[in-house]
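So that the names make sense, note that chain A is the first sequence line, chain B the second, and so on, each numbered from 1. Note that the structure is predicted; figures quoted are calculated from it, not measured.
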There are 2 protein chains.
Amino acid sequence: MQDPLKLDDFICFAVYTASHALNRVYKPLLDTLGLTYPQYLAMVALWEKDGQTVGGLGEKLFLESSTLTPLLKRLENAGYIRRDRSREDERVVVIRLSEEGVRLKEKAIGIPGCIVEASGRNAADLTRLQAEIVALREALDRSVV
Amino acid sequence: MQDPLKLDDFICFAVYTASHALNRVYKPLLDTLGLTYPQYLAMVALWEKDGQTVGGLGEKLFLESSTLTPLLKRLENAGYIRRDRSREDERVVVIRLSEEGVRLKEKAIGIPGCIVEASGRNAADLTRLQAEIVALREALDRSVV
DNA sequence: CAATAAATAATCGTGCGCGATATAAAAGCC
DNA sequence: GGCTTTTATATCGCGCACGATTATTTATTG
């Protein structure tokens, strides 16, 4: 039996470094929008469905309020969103796109295509790989409970 | 043509969230060793090959000195490594495992098996997926140059 | 050999990301 | 209605992660 502690055999290390590599590809594209990568993901979630709560966004993005609250405040300062406390339930904060935030979508529309190109694969292949990685994430999440 | 800005179709989002999910699985295991996940990766790299330079580790782990230097100082404070400036080339800092650092490997030996189990897949399947993710990373790295 | 360039770590500032905790509002309970 | 519990967000501390810059040493060049 070979030594199981080989870095290059770790799927975790592959995912960890692939995540950083994706970030490096996104960085110059997102710089033109004035967004970081997590901020971009939050905007994508809001372009899909405006008016989500902090908790709802956290569930979709798998992030805690301790991560999201300061991130959303930075998006608010940038003028892309508004954070309004709900009238019906004062505990809840609703996130809404500003007009500038809505307009930003047009500038972001080409980004996914750039990523597909950088990956050097066709869309179908990426979709298959994407589904496999999602399945891995779901299995891991189940194991943690 | 459908809206390309769907979060759940992004391979980047899959990788990003899978990376966090892996971290959540590792956390309780690594807590028993007193290591964070990036610290664990650095230790794995050193168990593979002791006496690497900061730059060499950075190349292997895809990390900058601005990330590694403070991380390695924490490992030094924990007593797992020593940081010695090279005699031949004073610019270089060589990282060596302490005796405690060497011993720690025994406690870490079971971790990869736990991850395989948490993934709910067999080893061959994981190896295949791992290779695919590495290929993605390499394609992305090539595109950035 | 002196001036310049390149290489190697370290430092600094910013933004995640999370666990633990705090705060406040809402819901449930006697 | 007052008391406890739950829920939703915010705050704080710590550790990455990186880009930009700096300091020091080594290599190169004229």
Side-chain angles (χ1 to χ4, degrees), chain A residues 12-13 16-28 30-31 33-43 52-59 61-78 81 83-95 141 144, chain B residues 12-13 16-28 30-31 33-43 52-59 61-78 81 83-95 141 144:
Chain A
C12 66
F13 184 60
Y16 170 82
T17 55
S19 181
H20 293 164
L22 277 163
N23 227 314
R24 281 192 288 274
V25 175
Y26 268 103
K27 182 89 172 44
L30 293 178
D31 279 350
L33 310 188
L35 293 177
T36 67
Y37 179 60
Q39 287 168 10
Y40 167 70
L41 293 178
M43 291 300 289
Q52 297 188 67
T53 66
V54 172
L57 278 172
E59 204 166 328
L61 299 170
F62 299 85
L63 295 175
E64 304 297 318
S65 73
S66 45
T67 302
L68 269 179
T69 296
L71 184 154
L72 294 170
K73 282 185 176 176
R74 283 185 281 270
L75 285 178
E76 185 182 38
N77 283 336
I81 64 166
R83 299 163 56 249
D84 304 314
R85 210 158 267 278
S86 164
R87 204 67 56 82
E88 304 89 62
D89 185 342
E90 291 274 349
R91 293 171 302 180
V92 170
V93 169
V94 179
I95 309 298
D141 280 343
V144 178
Chain B
C12 66
F13 183 60
Y16 170 82
T17 55
S19 180
H20 293 166
L22 277 163
N23 226 312
R24 281 192 288 274
V25 175
Y26 269 102
K27 182 85 171 48
L30 293 178
D31 279 350
L33 310 188
L35 294 176
T36 67
Y37 179 60
Q39 288 169 9
Y40 168 69
L41 293 179
M43 291 299 289
Q52 298 188 68
T53 66
V54 172
L57 278 172
E59 204 166 327
L61 298 170
F62 300 86
L63 294 174
E64 305 297 319
S65 73
S66 45
T67 302
L68 268 180
T69 296
L71 183 153
L72 293 170
K73 283 185 176 176
R74 283 185 282 270
L75 285 178
E76 185 183 37
N77 284 336
I81 64 165
R83 298 163 58 249
D84 305 314
R85 210 160 268 276
S86 163
R87 204 68 56 81
E88 303 89 61
D89 185 342
E90 291 275 350
R91 294 171 300 182
V92 170
V93 169
V94 179
I95 309 298
D141 280 343
V144 178

- Message: For a quick check, tell me whether the side chain of A:Arg91 and the base of D:dT7 share a donor-acceptor pair closer than 3.5 Å.
- Response: yes
- Using a cut-off of strictly less than 4.0 Å, decide whether B:Tyr37 has a side-chain nitrogen or oxygen near OP1 or OP2 of D:dG15. no
- When the nearest nucleotide of DNA chain D is assigned to A:Thr67 and to B:Arg74 on a heavy-atom basis, which residue is associated with the more 5' position? A:Thr67
- Would you mind telling me which residue lines up with the more 5' stretch of DNA chain C, B:Arg85 or A:Gln39, judged by nearest nucleotide? B:Arg85
- Query: If you find the nucleotide of DNA chain C closest to B:Arg24 and the one closest to A:Asp89, which residue's nucleotide is nearer the 5' end?
  - Reply: B:Arg24
- Item | Interatomic distance where CG belongs to A:Leu57 and P belongs to D:dA10 [whole Å] | 12 Å
- Message: As a test of reading the structure: which of D:dG19, C:dA9, D:dT25 is closest to the side chain of A:Lys27, going by heavy atoms?
- Response: D:dG19
- Query: Starting at CG of A:Leu71 and ending at P of D:dT11, how long is that distance when rounded to a whole Å?
  - Reply: 14 Å
- Query: Within the structure shown, what part of the strands sits under 4.0 Å from A:Glu59 by heavy-atom distance: base, sugar-phosphate, or nothing?
  - Reply: nothing
- Message: Looking at every heavy atom in both B:Leu75 and B:Ala42, which two are closest together, and how far apart are they?
- Response: CD1-CB, 4.2 Å
- Query: For B:Leu68, which contact category applies under a 4.0 Å heavy-atom criterion: base, sugar-phosphate, or nothing?
  - Reply: nothing
- Query: Looking for any heavy atom pair under 4.0 Å, which part of the strands does A:Ser65 touch: base, sugar-phosphate only, or nothing?
  - Reply: base
- Task: Ignoring backbone atoms, test whether B:Lys73 places a side-chain nitrogen or oxygen under 4.0 Å from the OP1 or OP2 oxygen of D:dC16.
- Result: no
- In whole Å, what is the span from the CZ atom of B:Arg83 to the C1' atom of C:dT8? 13 Å
- Query: When the distance from CG of B:Leu30 to C1' of D:dG15 is rounded to whole Å, what number comes out?
  - Reply: 14 Å
- Query: Can you find an N or O donor on one side and an acceptor on the other, under 3.5 Å apart, linking the side chain of B:Thr69 with the base of C:dA9?
  - Reply: no
- Indicate, yes or no, whether a donor-acceptor pair under 3.5 Å links the base of C:dA10 to the side chain of B:Ser66. no
- How close do B:Arg91 and B:Arg85 get, heavy atom to heavy atom, and via which atoms? O-NH1, 3.3 Å
- Task: Write down the distance between CG (B:Leu35) and P (D:dG15), rounded to a whole number of angstrom.
- Result: 12 Å
- Message: In terms of relative ring orientation, are B:Tyr37 and A:Tyr16 parallel, tilted or perpendicular, with 30° and 60° separating the classes?
- Response: perpendicular
- Note on the structure: dist B:Met43:CE -> B:Leu30:CG (nearest 0.5 Å) comes out at 11.5 Å
- Task: Could you pick out which residue, A:His20 or A:Val54, lies toward the 5' side of DNA chain D when each is mapped onto its nearest nucleotide?
- Result: A:Val54
- Contact summary for B:Ile81 and B:Leu72, nearest pair of heavy atoms: CD1-O, 3.3 Å
- Query: Between A:Asn77 (CG) and C:dC16 (P), how many Å, whole number?
  - Reply: 12 Å
- Item | Smallest separation among heavy atoms of A:Leu68 and A:Val54, with atom names | CD1-O, 3.5 Å
- Rounded to the nearest Å, what distance is computed from the OH atom of residue B:Tyr26 to the P atom of nucleotide C:dG17? 19 Å
- Nearest-Å distance for atom pair CD/P, residues A:Gln52 and D:dA8: 15 Å
